[in-house]
There are 2 protein chains.
Amino acid sequence: MSAQKPTPQDLSAQIASDIRDAIIAGDLIVDQRLPSEAELADQFSVSRPTVREALKRLAAQNLIRTQRGATGGAFVNRMSFEDAYGQQITTSTLLLSMNSVSFETACEARYALERACAPLSAQRRTPDHLATMRAEIVRQGQTGLSDEAFCASDVAFHRALVDGAGNPVLSYQLAGAVEAMQPLMNMITYTQRDRDRIIALHTQIADALEARGGAQTDDTLAALGEYTQTLARQAFARRGHSADHG
Amino acid sequence: MSAQKPTPQDLSAQIASDIRDAIIAGDLIVDQRLPSEAELADQFSVSRPTVREALKRLAAQNLIRTQRGATGGAFVNRMSFEDAYGQQITTSTLLLSMNSVSFETACEARYALERACAPLSAQRRTPDHLATMRAEIVRQGQTGLSDEAFCASDVAFHRALVDGAGNPVLSYQLAGAVEAMQPLMNMITYTQRDRDRIIALHTQIADALEARGGAQTDDTLAALGEYTQTLARQAFARRGHSADHG
DNA sequence: AAAAATCATTTGTCTGACAATTGGTTCCGG
DNA sequence: CCGGAACCAATTGTCAGACAAATGATTTTT
């Protein structure tokens with residue numbers, strides 16, 4: 001009966017919640033202009049700085065954009081796929097780096113999700129997607145490529161695979177899984193032999209997609225996932241050893 | 001040599017970016033206390049309100065938490081899976097509702113991702129997961145259940161399936177795909193016959209998971225996805241008709 | 001009619017202040 | 001010496017008012 005949440009929330013957080021709810025509920029539609037900061041301050045009976053803090057919270061979530069000038073103000077933002085990508089990647093990256101998620105768990109999730117794209121990508125990939133993948137494979141074979149650059153190319157390869165499915169929602173969901181893995185992948189040192197093996201598997205995947213072989217793609221992805229897990233286990237075993245000696 | 005980005009960004013956005021980068025780079029570790037607002041204002045040569053706006057931006061992304069009092073301040077937040085779920089769902093929901101993503105595209109993505117969990121869930125699901133699924137199936141069969149409640153139960157059922165994979169990263173990634181679909185699913189009117197069919201498929205899925213049948217689960221999920229698409233097509237066809245007449 | 005100057009509105013930023021919270025500190029009493 | 005109560009200091013939360021900067025609309029001038 002009393003207050004479950006008396007005032008654990010700041011005013012700016014409450015106001016942000018109110019406006020956010022209105023946007024989600026559709027009471028505020030895309031590109032609609034919110035009242036000016038002064039008006040909002042009046043409506044909520046708070047000061048303008050407090051309103052501004054609330055608006056900044058919403059802006060941080062890409063829910064609104066602001067523009068200054070005579071006809072300026074805060075406008076409900078159409079959440080773009082690009083915005084969503086960015087948030088997804090930031091969130092996923094931090095989630096993985098801060099929660100002692102094992103490489104194994106993250107890797108399993110990534111390859112499970114990616115395999116979900118395989119049949120669709122085999123069906124719909126365009127020559128563009130294939131070209132991107134082939135180009136990344138070539139890059140991965142270059143001598144003198146740093147491990148970091150190798151991983152970046154790996155990510156680009158896999159993004160092309162995912163995008164090949166031609167489903168932007170899928171691409172968005174996968175963005176986090178693929179990109180957030182990169183920092184973890186960077187912790188591995190790749191020998192030339194490792195790279196050769198990965199490149200061979202990438203080539204198999206590209207070939208399978210070119211031949212519209214969904215099942216083949218899926219199998220090869222599974223193999224690549226397994227191989228990645230093996231590499232990681234070796235890397236961490238080595239690290240564990242040197243830790244013992246350090 | 002001039003400015004690539006002259007000043008398209010607010011000061012508070014720049015400061016938020018700086019701090020965010022520091023967190024992502026690991027320069028600021030979990031639970032570490034940031035300098036006080038006054039100190040930050042000094043360091044960045046801005047006023048305290050500007051610093052506060054920056055901090056609110058970060059708080060909106062669950063990157064920091066603030067606490068007041070003598071030993072209070074802003075602390076780097078450990079991004080919890082729960083936090084990440086919430087952001088993921090909000091972002092996905094808005095993305096779908098604002099971008100005229102077709103039901104077909106969203107549904108395809110959802111079932112593709114969910115099928116990725118099938119083999120893992122068949123392998124690892126606990127009796128708890130099965131019990132949840134069975135309970136939701138029972139609920140779905142209750143007479144007088146509103147379409148909305150039916151959809152909510154559907155979501156709960158699918159979440160149990162996904163959680164059964166025992167991979168929190170996977171659960172997190174799927175949260176958006178499954179939950180964000182609910183508003184779209186709510187647009188469909190389910191006849192008793194529709195519900196019976198869905199319940200039958202759900203039962204098949206639960207049975208398959210109980211029998212550790214990954215492939216069977218996958219097949220049934222595919223069938224359920226197809227059926228959902230069919231229902232949606234019918235619903236939209238009807239809607240189109242009445243639109244013609246209205 | 002076109003261009004330039006002006007204006008009004010709105011966000012961005014600053015200054016200074018006070019309230020509220022909260023852990024630590026000091027002081028008093030036993 | 002110990003325990004508790006009063007006090008203190010640091011910090012965030014909020015407010016009020018002001019000015020700067022941007023920007024579209026308006027008015028004036030050419």
Side-chain angles (χ1 to χ4, degrees), chain A residues 2-20 22-23 28 30-77, chain B residues 2-20 22-23 28 30-77:
Chain A
S2 63
Q4 287 178 324
K5 300 177 185 174
T7 313
Q9 262 192 137
D10 301 336
L11 283 178
S12 69
Q14 285 178 241
I15 294 169
S17 281
D18 282 358
I19 299 177
R20 181 169 29 241
I23 293 175
L28 296 169
V30 168
D31 290 337
Q32 184 172 344
R33 182 181 176 281
L34 273 64
S36 73
E37 295 174 353
E39 286 175 288
L40 287 172
D42 256 11
Q43 287 181 23
F44 288 101
S45 302
V46 297
S47 65
R48 194 158 83 91
T50 301
V51 166
R52 281 182 62 79
E53 287 178 8
L55 294 180
K56 293 315 167 201
R57 288 176 189 266
L58 299 175
Q61 297 181 301
N62 290 310
L63 289 177
I64 62 170
R65 62 181 183 280
T66 56
Q67 192 183 0
R68 59 176 174 181
T71 59
F75 298 84
V76 177
N77 202 21
Chain B
S2 65
Q4 288 177 323
K5 301 178 187 173
T7 311
Q9 263 193 138
D10 301 336
L11 282 177
S12 68
Q14 284 179 242
I15 294 169
S17 281
D18 282 359
I19 299 177
R20 179 168 31 240
I23 293 175
L28 297 169
V30 168
D31 290 336
Q32 183 172 344
R33 181 180 177 281
L34 272 64
S36 72
E37 294 174 353
E39 285 175 292
L40 287 172
D42 254 14
Q43 287 180 23
F44 287 103
S45 303
V46 298
S47 67
R48 194 159 82 92
T50 301
V51 166
R52 282 182 62 80
E53 287 179 7
L55 293 180
K56 293 315 166 201
R57 295 178 113 107
L58 299 175
Q61 298 182 301
N62 290 312
L63 290 177
I64 61 170
R65 63 180 183 279
T66 55
Q67 192 182 358
R68 57 177 177 179
T71 58
F75 297 84
V76 178
N77 203 21

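Please read all numbers here as calculations on a predicted model, not as lab measurements. All chains are named by letter (A, B, ...) in the order of the sequence lines, taking the proteins before the strands, and each is independently numbered beginning at 1.
At a cut-off of 3.5 Å, with distance as the only test, no side-chain donor of S17(B) or Q14(B) sits close to an acceptor on the other residue.
Whole-Å rounding puts the F75(A) CZ to dT9(C) C1' distance at 12 Å. One atom, CD of E39(A), and another, P of dT9(C), lie 11 Å apart when rounded to the nearest Å. The separation between F44(A) atom CZ and dC15(D) atom C1' is 17 Å, rounded to whole Å. When the C1' atom of dT10(C) is taken as reference, atom CZ of R68(A) falls 9 Å away, rounded to whole Å. Nucleotide dT12(D) holds its C1' atom 5 Å from the CD atom of E37(B), rounded to whole Å. Spacing between atom CZ of R52(A) and atom C1' of dT11(C) amounts to 6 Å, rounded to whole angstrom units. Rounding to whole angstrom units, CD of residue Q67(A) and P of dT9(C) are separated by 17 Å. dT13(C) atom C1' lies 18 Å from atom NZ of K56(B), rounded to whole Å.
Heavy-atom nearest nucleotides on DNA chain C were determined for P49(B) and for A38(A), and the one closer to the 5' end corresponds to A38(A). Positionally, the nearest nucleotide of DNA chain D for R48(A) lies more toward the 5' end than for the other of T71(A) and R48(A).
Between T50(B) and dC14(C) there is a side-chain polar atom (N or O) within less than 4.0 angstrom of OP1 or OP2. Within the structure, every side-chain polar atom (N or O) of T66(B) is placed at least 4.0 Å from both OP1 and OP2 of dT11(D).
The S36(B) side chain lies nearest to dT12(D) when the options are dT10(C), dT12(D), dT22(C). Of the listed nucleotides (dG12(C), dT22(C), dT14(D)), dT14(D) has the atom at the smallest distance from the side chain of S47(A).
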Please lay out, stage by stage, how R52(B) and D10(A) fare under the test salt bridge (Lys or Arg N to Asp or Glu O under 4.0 Å). CA-CA 13 Å; R52(B) 282 182 62 80; D10(A) 301 336; 5.8 Å; no
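Using a 4.0 Å heavy-atom criterion, one finds that R33(A) contacts the sugar-phosphate atoms exclusively.
In this structure, OG in S12(B) is found 9.0 Å from CD in Q9(B), a value given to the nearest 0.5 Å. Put simply, CD on E37(A) and OG1 on T66(A) are 8.0 Å apart, with the number rounded to the nearest 0.5 Å.
Ion pair R65(A)/D31(A) flagged as a salt bridge, since at least one NZ, NE, NH1 or NH2 atom sits closer than 4.0 Å to an Asp/Glu carboxylate oxygen.
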